[in-house]
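Below is one structure; the comments refer to it alone.
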Amino acid sequence: MVSARTPVRDLLLQAGRLGPSAARDGGPRNPLPGERARIRTTGHGPVGVQDVQTAPYRVDVV
């Protein structure tokens, strides 16, 4: 679950950072302030806090 504090353009979870066989549902999202985006992942083993913090990627902040 990702909560936006500012408008975010093209928020994407890089599933490969969670494991070599990991996959995510859906494509890039564009949450507005206050909105939440839930991104589900499959195909990975246990992940740590560091993995989860480095997996999201955004193209640009609007």
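The two residues Gly27 and Leu12 have their closest heavy-atom pair at C-CD1, 4.4 Å. Among all heavy-atom pairs drawn from Ala22 and Ala15, the shortest one is CB-O, 3.2 Å.
In this structure, the side chains of Leu11 and Pro31 come closer than 4.5 Å at one or more pairs of heavy atoms.
Asn30 CG to Asp10 CG: the interatomic distance, rounded to the nearest 0.5 Å, is 5.0 Å.
At a threshold of 4.5 Å between side-chain heavy atoms, the hydrophobic network of Ile, Leu, Val, Met, Phe, Trp and Tyr places Val47 and Leu13 in one connected group. Note on Ile39: it clusters hydrophobically with Val52, by side-chain heavy-atom contacts below 4.5 Å among ILVMFWY residues.
Applying the side-chain hydrogen bond (donor to acceptor under 3.5 Å, both in side chains) test to every pair with at least one member in residues 38-50, sequence neighbours left out, gives these pairs: Thr41-His44. Pairs of residues two or more places apart, or lying in two chains, that qualify as salt bridge (Lys or Arg N to Asp or Glu O under 4.0 Å) and include a residue from residues 13-32 are Asp25-Arg29.
Counting side-chain heavy-atom gaps under 4.5 Å among Ile, Leu, Val, Met, Phe, Trp and Tyr, Val49 is found in no cluster with other residues.
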